[in-house]
Number of protein chains: 2
Amino acid sequence: MINIFDIARIAGVSKTTVSRVINNQPGVREDTRIRILEAIEKLNYIPNQAARSLVSRKAGVIGVIYNEFNTSVYLKLANLLEDFASRYNYNIVFSSSNDDFNSKARYVQYFTGGAADGLILFGSDTRDKELVQKIININFPLVLIENHFNDLKVNNIIIDNFSGAKSAVNFLIGLGHSKIAHITGNLNHRAASDRMNGYIEAINSSGIKYNKDYVIYTDAGDSSGAAAVERLMSLAEPPTALFTFNDLQGYEAVQRAMELGVNIPRDLSVVGFDNIYELLRFIPSCIRLTSMKQPMEKVAEAAIKLIIDNIDNRNTKPRVISFDTEIYEGTSCIEVI
Amino acid sequence: MINIFDIARIAGVSKTTVSRVINNQPGVREDTRIRILEAIEKLNYIPNQAARSLVSRKAGVIGVIYNEFNTSVYLKLANLLEDFASRYNYNIVFSSSNDDFNSKARYVQYFTGGAADGLILFGSDTRDKELVQKIININFPLVLIENHFNDLKVNNIIIDNFSGAKSAVNFLIGLGHSKIAHITGNLNHRAASDRMNGYIEAINSSGIKYNKDYVIYTDAGDSSGAAAVERLMSLAEPPTALFTFNDLQGYEAVQRAMELGVNIPRDLSVVGFDNIYELLRFIPSCIRLTSMKQPMEKVAEAAIKLIIDNIDNRNTKPRVISFDTEIYEGTSCIEVI
DNA sequence: CTGAAAGCGCTTACAG
DNA sequence: CTGAAAGCGCTTACAG
């Protein structure tokens with residue numbers, strides 16, 4: 001392997017000078033610089049990343065761990081993170097634990113062991129608590145996105161799921177609905193419980209009587225939306241509106257309801273959460289789901305800013321930043337008649 | 001920062017012995033091992049990745065560069081790659097160039113500089129040629145997926161787009177169609193030209209007369225499918241079947257055609273490529289596009305095998321592995337009457 | 001079963 | 001503007 005010493009020899013200088021050129025430092029005579037650059041080019045020299053990191057104590061890298069790469073709006077977040085990171089001259093690399101806890105621990109060790117200067121943990125998973133605690137213990141720069149632990153002090157970017165859910169339901173109330181159902185996500189996840197609580201808050205504060213039959217508990221798994229809407233529509237007094245934990249459930253519910261002969265939105269107005277519609281706009285769907293949209297760009301920008309602040313100063317006080325959602329109006333809702 | 005020497009001191013051993021424990025090497029007395037493990041636990045010690053890589057000359061990492069993380073079947077590939085890599089005890093990290101050439105060069109430098117032991121370059125981009133040549137020059141382990149350069153000898157995993165396209169069109173011919181149109185992708189990309197050639201081959205070898213009006217050239221950009229189908233359906237003798245470069249175009253074409261009053265599949269049978277349907281199955285779409293499906297699992301497995309072989313032996317001869325697609329029958333095709 | 005020494009390929013003061 | 005020396009935190013022979 002070609003190393004800095006080879007270049008120094010060929011260019012007839014010391015490796016200190018080569019190092020200066022590699023790092024674009026000033027104080028090298030122009031002809032020396034050119035000679036070195038030529039040697040680098042000629043020998044296809046690439047500086048050893050490990051050696052640089054070891055001595056400079058930085059990797060120039062931000063690591064991101066996803067639970068899974070899936071077809072969701074959060075993929076867009078990855079591109080946005082890359083965008084903002086590159087503006088600050090950081091590389092950013094992503095890994096997925098594929099929902100395996102040991103894999104996640106492996107990647108945490110890899111990144112915190114110096115492969116990255118800071119770590120962004122994306123996505124809600126209660127099992128992460130112990131890992132997060134460990135990262136805090138070693139005072140490693142960390143930002144959590146869409147995850148939250150009440151008793152851990154850590155940089156945190158969250159979506160205001162409570163207010164978002166409340167807005168969604170208030171939107172339905174504004175259309176004249178009062179028989180409004182909710183399909184929950186997995187309540188072990190903060191996002192799900194917050195959205196349910198937002199639903200309850202909107203219902204209660206509007207004077208509508210809370211109807212427990214209108215709340216269907218699910219784990220947000222595959223087909224959870226379909227099964228839930230079946231139960232709802234078979235009630236003696238079915239709801240005229242529905243707020244679902246997320247868009248996947250929402251679309252599933254729409255699909256199943258239509259199969260059951262329910263006209264959307266005439267018989268049932270539906271609001272989802274996440275607004276995955278823009279990912280799918282090319283699909284000839286009969287319905288564009290009305291949904292609460294997350295400000296991904298703001299989330300990405302804030303995440304990169306937080307992590308870089310934390311890298312630059314490991315003693316910054318952990319901050320919690322919350323963003324509001326806004327409604328995207330599709331074709332799945334209509335005023336009650 | 002806690003280092004191996006701190007652990008050695010606390011545990012009352014040399015750092016050599018600590019190293020053995022960290023690396024699960026045999027030849028350490030059980031009580032010594034336990035003492036060291038306890039010290040590691042107590043001090044929250046994490047071995048420095050850079051130092052390990054520097055001296056062991058390996059990172060234990062496979063790097064993957066995407067052009068962009070987008071909502072496509074290729075995202076599933078990422079999870080599959082993680083899966084196979086972890087079986088071989090490799091970490092795998094992904095980065096996206098966000099379609100920016102300089103970013104891609106930066107990540108190539110990062111990975112080939114020792115941050116990874118091998119590099120997988122995913123996705124078709126003719127601009128990559130120079131970069132790929134450089135990687136070959138330094139003899140760095142490399143696998144290309146879904147990209148191809150005729151004159152570069154490099155590990156390569158490709159989908160047989162030609163045969164896949166031919167099968168797609170033969171499927172339509174088998175249904176009795178003879179007025180079969182094709183919407184191309186960007187012909188600068190190998191995938192697009194191969195698929196077009198497969199279309200032509202199927203037409204010609206079946207005795208159907210080639211009709212140049214039935215081939216619409218596009219760059220596969222947004223709305224390219226919609227615009228193309230408009231032109232096709234306004235022909236004096238519109239086609240009864242359509243093969244599109246990919247599913248996005250196919251769905252767009254279906255959507256636009258339906259808006260124009262064309263009944264799918266009665267008036268127009270459509271076959272796409274990539275089979276993104278399974279990503280979208282929760283969407284209440286009126287149509288499930290018939291499409292050519294890529295064997296992602298085989299692709300992922302082959303990619304990991306190739307890269308690991310190449311890491312283990314840098315002098316392996318570059319191999320080209322081609323996989324066939326298979327048809328997924330949706331609801332977008334029907335026999336001609 | 002354990003340890004002392006060398007060295008991986010860089011960057012960082014420091015000196016001139 | 002340039003270079004000699006020290007050292008980052010590990011692993012790898014080698015010796016005992």
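Naming: A, B, ... by sequence-line order, numbering from 1 per chain.
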**Request:** With sequence neighbours excluded, tell me which residues meet salt bridge (charged side-chain N to carboxylate O under 4.0 Å, His left out) with A:R87.
**Result:** A:D83
**Request:** Can you run down the side-chain hydrogen bond (donor to acceptor under 3.5 Å, both in side chains) pairs that involve residues 40-56 of chain A, sequence neighbours left out, and say none if there aren't any?
**Result:** A:N23-A:R52
**Asked** Which pairs count as side-chain hydrogen bond (donor to acceptor under 3.5 Å, both in side chains) when at least one residue sits in residues 104-127 of chain B, sequence neighbours excluded?
**Response** A:E82-B:Y107, A:N91-B:R106, B:N67-B:K104, B:S103-B:R106, B:K104-B:D128, B:D125-B:R127
**Prompt:** Can you check whether A:T32 has a side-chain N or O nearer than 4.0 Å to OP1 or OP2 of D:dT2?
**Reply:** yes
**Which residues share a salt bridge (charged side-chain N to carboxylate O under 4.0 Å, His left out) with A:D312, sequence neighbours left out** = none
**Request:** Write out all pairs satisfying ring pair (Phe, Tyr, Trp, His ring centres under 6.0 Å) with one or both partners inside residues 86-106 of chain B, taking only residues at least two apart or from two chains.
**Result:** A:F69-B:F94
**Prompt:** Atom CZ of B:R35 to atom P of C:dC1: distance rounded to whole Å?
**Reply:** 14 Å
**Item:** Per-nucleotide protein contact string for nucleotides 8-14 of chain C (B base, S sugar-phosphate only, - none; heavy atom under 4.0 Å)
**Value:** BBBBBB-
**Request:** Output all residues satisfying side-chain contact (heavy atoms from CB on, under 4.5 Å) with B:N150, sequence neighbours left out; order by chain, then residue number.
**Result:** B:H148, B:R190
**Request:** Start with the C-alpha distance between A:D274 and A:Q294, add both sets of side-chain angles, then the distance that settles side chain to side chain donor-acceptor pair (under 3.5 Å), and finish with yes or no.
**Result:** CA-CA 6 Å; A:D274 291 345; A:Q294 307 187 18; 2.8 Å; yes
**Fill in**
Per-residue pairing states of DNA chain D in dot-bracket (Watson-Crick or G-U under 3.5 Å; . unpaired, | other strand) read |||.||||||||.|||
**Complete:** Sorted by chain and residue number, the ring pair (Phe, Tyr, Trp, His ring centres under 6.0 Å) partners of A:Y74 (sequence neighbours excluded) come out as A:F122
